[in-house]
Amino acid sequence: MSDPVPDPCPCGSGKTFAECCGPLLSTERLAETAEELMRSRYTAYVYGNREHLWRTWHPKTRPVDVVIDPSVRWISLQINDVRDGGADDGAGVVEFTATHDSGTMHERSRFERRAGRWFYLDDQGD
């Protein structure tokens, strides 16, 4: 009998959850790039992890309470473009399309690094 295949990470990185977004959601480590944080935030929506979303939202723009619609089933994430947001940057933009059971969501998310940690700032808009 063969070993079970590890669960793939919902973010679409091609890695397992345990080697990708899992350590970020469990606070074992911090995201090194804006894209990595974006992927972990998508995964938090998939699993209904409001705490991770709140913790990684910029203090200037985060809501008092993060609300996740439990009726939405997230299906896939596609990263369309990444501008800056690398390990040595202070800001970055990640454009993505997330597919759910009722359609798609497109956003250009802005990220900012504060004291060595990446935070989701807001949607840059069109």
Side-chain angles (χ1 to χ4, degrees):
M1 180 179 250
S2 63
D3 290 334
V5 177
D7 290 332
C9 194
C11 79
S13 68
K15 299 176 184 175
T16 66
F17 176 73
E19 63 188 5
C20 190
C21 293
L24 301 175
L25 271 64
S26 67
T27 70
E28 290 176 40
R29 70 177 187 85
L30 298 173
E32 296 177 14
T33 67
E35 180 181 349
E36 188 175 38
L37 184 61
M38 169 59 234
R39 288 181 178 278
S40 76
R41 288 177 57 83
Y42 169 82
T43 299
Y45 275 103
V46 169
Y47 289 135
N49 187 328
R50 296 180 328 154
E51 195 276 328
H52 178 72
L53 294 168
W54 190 87
R55 184 179 64 249
T56 59
W57 212 311
H58 197 288
K60 290 181 183 176
T61 58
R62 75 176 160 221
V64 174
D65 190 30
V66 175
V67 178
I68 297 175
D69 184 345
S71 69
V72 175
R73 190 173 68 85
W74 295 97
I75 299 168
S76 66
L77 175 69
Q78 177 182 334
I79 302 297
N80 303 323
D81 190 28
V82 177
R83 303 282 169 106
D84 301 320
D88 297 322
D89 295 321
V93 175
V94 179
E95 181 180 356
F96 69 91
T97 303
T99 303
H100 52 86
D101 54 0
S102 299
T104 61
M105 174 189 163
H106 175 260
E107 184 173 308
R108 279 193 276 285
S109 297
R110 292 191 316 153
F111 294 87
E112 183 178 292
R113 192 192 336 242
R114 295 180 52 173
R117 287 183 56 196
W118 282 105
F119 291 92
Y120 167 76
L121 188 58
D122 59 17
D123 176 6
Q124 187 178 37
D126 293 325

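Side-chain contact between T56 and W118: absent, with no pair of heavy atoms (C-beta onward) separated by less than 4.5 Å. Side-chain contact check for R39 versus K15: every heavy-atom pair is 4.5 Å or farther apart. By the 4.5 Å heavy-atom criterion applied to side chains, P59 and R114 are counted as neighbours.
Cluster membership check: L53 does not share its hydrophobic cluster with F119, using side-chain heavy-atom separations under 4.5 Å among Ile, Leu, Val, Met, Phe, Trp and Tyr. Under a hydrophobic clustering in which Ile, Leu, Val, Met, Phe, Trp and Tyr are joined whenever their side-chain heavy atoms come within less than 4.5 Å, directly or via other members, M105 and L121 fall into different clusters. F96 and L37 fall within a single hydrophobic cluster, where Ile, Leu, Val, Met, Phe, Trp and Tyr side chains are chained together by heavy-atom contacts under 4.5 Å. Tracing side-chain contacts under 4.5 Å through hydrophobic residues (I, L, V, M, F, W, Y), one never reaches F17 starting from L30; they form parts of separate clusters. Hydrophobic clustering, with ILVMFWY side chains joined whenever heavy atoms are under 4.5 angstrom apart, groups V82 together with M38.
Summarising the geometry, atom CD belonging to E107 is positioned 3.5 Å from atom CG belonging to D123; distances are rounded to the nearest 0.5 Å.
E95 approaches H106 most closely through the heavy-atom pair OE2-NE2, 2.7 Å. Taking both residues in full, the closest heavy atoms of F111 and Y120 are given as CD2-CA, 3.5 Å, listed atom of the first, atom of the second, then distance. The minimum heavy-atom distance between W54 and P63, with the atom names listed, is NE1-O, 3.3 Å. Listed here is the closest heavy atom pair of L24 and A31: CD2-N, 3.4 Å. Looking at every heavy atom in both residues, W74 comes nearest to V46 through CB-CG2, 3.7 Å.
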What do the steps show when you test L25 against S40 for side chain to side chain contact (heavy atoms under 4.5 Å, CB included), and what is the final call?
CA-CA 7 Å; L25 271 64; S40 76; 4.0 Å; yes
Let's go through T33 and E35 carefully: what are the C-alpha distance in whole Å and the side-chain angles of both, what is the deciding distance for side chain to side chain donor-acceptor pair (under 3.5 Å) to 0.1 Å, and is it a yes or a no?
CA-CA 5 Å; T33 67; E35 180 181 349; 5.6 Å; no
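Not a single donor-acceptor pair under 3.5 Å links the side chain of T43 to the backbone N or O of P10. When atom types are taken as modelled, the side chain of R113 and the backbone of A87 share a donor-acceptor pair closer than 3.5 angstrom.
The side-chain hydrogen bond (donor to acceptor under 3.5 Å, both in side chains) pairs that include a residue from residues 83-92 are D81-R83, where partners are two or more places apart or lie in different chains.
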